[in-house]
Amino acid sequence: MKFQLKHMDKDLFNFVDVSKNPFDRRSRHIAVRLNLMGVIQKSELKYATVLAKRTIGEYNRTKGKEDETYTEEMYVYGTPFKTAYAYLVGNFNHFFTRSKYLIRTYGEENVDIHRMGENYSADSVVAILKKDHKAVHNVKYVTLEYFEGYIYPQEFTSKDALRKAYKLSKEELEVGLSERYFMHLNKRIQIKIIPSSVEPSFEKHKESTQDFIRNLTRSLEKTSDVTEKKALEQQIKLEQKELQVYDQLLKQDELHNQKVAKFKGVNADEVWNKIATSLKEQYQNQKKAVLKLIKDELVDLFTEGSRIDYELFFNITTDMIRIENILKDLNRYDYVFEEYCILVKTKSTNVV
C-alpha cells in the first residue's frame with residue numbers, strides 16, 4: 001500500500017518533510033515505514049535512513065544489469081524497502097548494531113555496506129568503513145614498542161611487511177604471532193592482531209582483545225622497569241575499555257534480535273499493508289469528525305465563516321499538523337489559523 005505522509009503523526013511527518021531532495025525523502029519514507037511496523041524505534045530513524053540510502057544504491061547498481069559486475073539477480077528481495085527490512089530482521093553478524101556503531105563513531109558519509117557473498121542477501125552483507133573497501137579482507141598487525149615511558153603503535157597490513165620491518169626470520173615471525181610478542185634490539189615488542197575489517201563477529205574481535213590483554217599482563221609481570229610497568233598498565237586499561245564497548249554492543253544486539261524475532265519469516269508488504277490500512281482508517285475517521293465539527297458550527301454573519309476554538313479540534317486530535325492536513329483535504333473550505341481559533345469558510349467567499 002502506498003506511503004501517505006498525511007497519515008503520519010507530527011514527529012514522523014516532520015522527519016520526512018525536512019528531506020533535502022527526492023533521494024533523501026525516499027530513504028526517510030522507508031525508515032518511517034520500518035518504525036511504524038515496529039522493526040526499529042523512533043530514535044533509530046537516522047540509522048535506518050542511512051541503511052535505506054544504501055539499499056536504494058544497491059538497487060540502482062543492479063537494476064536491469066546482466067552479465068556484468070553487478071546483475072539484477074543479485075538484488076534478491078526486489079525493492080529497497082524489502083531489502084532494508086530483510087537486513088534488519090535477519091540481522092546477521094550484528095548487522096544493525098554494527099551499522100549504528102560505525103555511523104555514530106565515523107559519520108554516515110564514511111560507512112558503506114560490503115557484500116561478502118554472491119548476492120545482496122541478509123546473510124551476506126556487513127557494514128564497513130568506505131576506506132576499508134580496498135583491503136577489506138586483510139588482517140592488521142599492530143606492534144606496540146615501549147620507548148622512554150610511552151608505548152608507540154605501528155600498523156602493518158601483512159605478515160611480510162611486519163617481518164621485514166623488524167628483520168625477523170619466518171620462523172621468528174610465526175613464533176612471535178603465536179606468543180603475541182617478539183624480541184627486537186633487546187626490547188620486547190607486543191603484537192596485537194586485529195581481525196579483518198570485514199570480520200563481522202563482535203565475539204571474535206572481543207577474543208582478540210582478550211588474548212592481547214593476557215599477553216600484556218604477562219609482560220607486566222616480567223618487567224622490573226617501573227616506567228614500563230606504568231605504560232603497560234595504561235595500555236591494559238585501554239584494551240579493557242575496548243572490551244566494555246564490545247560487551248555493550250553485544251547487549252544492544254541481543255535487544256534488537258528480541259524485538260525483531262516476531263518478524264522472522266513474515267512478509268514485509270503484508271505487515272506494512274496492515275499498518276497503512278489502519279493509519280488510513282484513523283485519518284478518515286478524524287477527517288469525518290472535523291467535517292462534522294465545521295458543519296455543526298454556526299456561521300458568523302460578519303465573517304461569513306465559522307470561528308472554531310482549538311479545543312474542539314483537540315477533542316478529535318491534538319496533532320496540529322494532522323488538523324491542517326485534514327483541512328487541506330477538505331477542498332470546499334479555506335481556513336486561517338488565528339490566536340484562539342481557526343476561521344473556516346467555504347471557498348465561495350474570500351478569507352480575510
Side-chain angles (χ1 to χ4, degrees), residues 1-20 22 24-49 52 81 84-85 88 259 262-263 268-352:
M1 192 171 185
K2 187 178 178 181
F3 181 93
Q4 293 285 344
L5 183 58
K6 65 184 180 182
H7 296 165
M8 305 299 113
D9 67 31
K10 63 180 180 180
D11 291 338
L12 297 178
F13 183 96
N14 288 329
F15 179 76
V16 174
D17 203 42
V18 298
S19 54
K20 301 172 183 177
D24 185 39
R25 193 176 188 86
R26 185 184 180 191
S27 303
R28 288 171 185 255
H29 279 187
I30 292 172
V32 166
R33 290 167 76 177
L34 292 167
N35 168 244
L36 289 167
M37 293 160 66
V39 178
I40 63 164
Q41 300 174 12
K42 270 189 179 180
S43 60
E44 296 171 322
L45 282 168
K46 171 185 175 180
Y47 307 110
T49 301
F81 162 63
Y85 173 85
L88 293 175
K259 182 171 60 179
K262 63 183 178 182
F263 296 108
D269 286 334
E270 290 180 4
V271 178
W272 168 246
N273 287 340
K274 289 179 182 178
I275 297 292
T277 299
S278 176
L279 290 172
K280 182 178 180 179
E281 289 176 355
Q282 180 192 56
Y283 180 86
Q284 292 297 338
N285 289 335
Q286 290 174 339
K287 184 176 177 180
K288 290 176 183 177
V290 169
L291 182 58
K292 184 177 185 303
L293 175 62
I294 294 171
K295 288 181 176 180
D296 288 349
E297 283 296 303
L298 293 175
V299 174
D300 188 314
L301 296 177
F302 292 99
T303 61
E304 297 181 356
S306 301
R307 279 193 165 90
I308 306 173
D309 288 345
Y310 285 118
E311 289 184 4
L312 297 175
F313 285 100
F314 290 163
N315 289 333
I316 300 169
T317 173
T318 57
D319 188 339
M320 286 299 297
I321 289 178
R322 174 63 60 86
I323 292 170
E324 185 167 11
N325 282 332
I326 289 173
L327 290 172
K328 285 178 182 178
D329 261 2
L330 298 175
N331 296 324
R332 8 174 344 201
Y333 296 100
D334 285 323
Y335 60 93
V336 174
F337 287 94
E338 297 183 344
E339 187 174 1
Y340 300 107
C341 61
I342 302 176
L343 172 60
V344 182
K345 289 185 172 186
T346 60
K347 286 193 174 180
S348 59
T349 59
N350 294 322
V351 177
V352 293

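Side-chain atoms are counted along with the backbone in the values below, which use heavy atoms only and exclude waters and symmetry mates.
Rounding to the nearest 0.5 Å gives a distance of 4.5 Å between CD1 of I308 and CG of L293. Between the CD1 atom of I326 and the CD1 atom of I321 there is a distance of 12.5 Å, given to the nearest 0.5 Å. The distance from the CD1 atom of I316 to the CG atom of N285 is 11.0 Å, given to the nearest 0.5 Å. Between C341 atom SG and E297 atom CD the span is 10.0 Å, to the nearest 0.5 Å. Taken from CD in Q282 to NZ in K287, the straight-line distance is 14.5 Å, to the nearest 0.5 Å. Taken to the nearest 0.5 Å, the CG atom of L36 stands 6.0 Å off from the CG atom of L279.
Applying the side-chain hydrogen bond (donor to acceptor under 3.5 Å, both in side chains) test to K328 and every residue at least two apart in sequence or in another chain returns nothing. Partners of N331 by side-chain hydrogen bond (donor to acceptor under 3.5 Å, both in side chains), not counting sequence neighbours: none found. A search for ring pair (Phe, Tyr, Trp, His ring centres under 6.0 Å) contacts involving F314 returns nothing, not counting sequence neighbours. The side chain to side chain contact (heavy atoms under 4.5 Å, CB included) search around A84 returns I30, L34, L51, T55, not counting sequence neighbours. Evaluation of the side chain to side chain contact (heavy atoms under 4.5 Å, CB included) rule for K274 yields no partner, not counting sequence neighbours. In terms of the side chain to side chain contact (heavy atoms under 4.5 Å, CB included) criterion, S278 has no residue partners (sequence neighbours excluded). K259 pairs by the side chain to side chain contact (heavy atoms under 4.5 Å, CB included) definition with Q41, E44, H256, not counting sequence neighbours. The side-chain hydrogen bond (donor to acceptor under 3.5 Å, both in side chains) check on N315 picks up nothing, with sequence neighbours excluded. For K42, the salt bridge (charged side-chain N to carboxylate O under 4.0 Å, His left out) criterion is met by D9, D11, not counting sequence neighbours. Annotation: side-chain hydrogen bond (donor to acceptor under 3.5 Å, both in side chains) contacts of K6 (sequence neighbours excluded): D329.
Residue pairs satisfying the salt bridge (Lys or Arg N to Asp or Glu O under 4.0 Å) criterion with at least one member in residues 313-326, sequence neighbours excluded, are absent. Among residue pairs with one or both ends in residues 24-37, those qualifying as side chain to side chain donor-acceptor pair (under 3.5 Å) are S19-R25, D24-R28; sequence neighbours excluded.
The shortest side-chain heavy-atom distance between Y333 and L327 does not fall under the 4.5 Å cut-off. Looking at heavy atoms from C-beta onward, M320 lies in side-chain contact with Y310 at the 4.5 angstrom threshold. Two residues are said to be in side-chain contact when any heavy atoms from C-beta on lie closer than 4.5 Å; K280 and H7 meet this criterion. Using a 4.5 Å heavy-atom threshold, the side chains of I323 and I342 count as touching.
Taking the centre of each ring, Y335 and F337 come in below the 6.0 Å mark.
Taking every heavy atom of both residues into account, I40 and A48 meet most closely at CD1-CB, 3.4 Å. When every heavy atom of M37 is checked against every heavy atom of F263, the shortest pair comes out as O-CZ, 3.1 Å. Pairing each heavy atom of I294 with each of S306, the nearest pair is O-OG, 4.4 Å.
Classification of the F81-W272 ring pair by plane angle, with boundaries at 30° and 60°, yields perpendicular.
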- Message: The test is side chain to side chain contact (heavy atoms under 4.5 Å, CB included); show your working for L330 and V344 and say whether it passes.
- Response: CA-CA 11 Å; L330 298 175; V344 182; over 6 Å; no

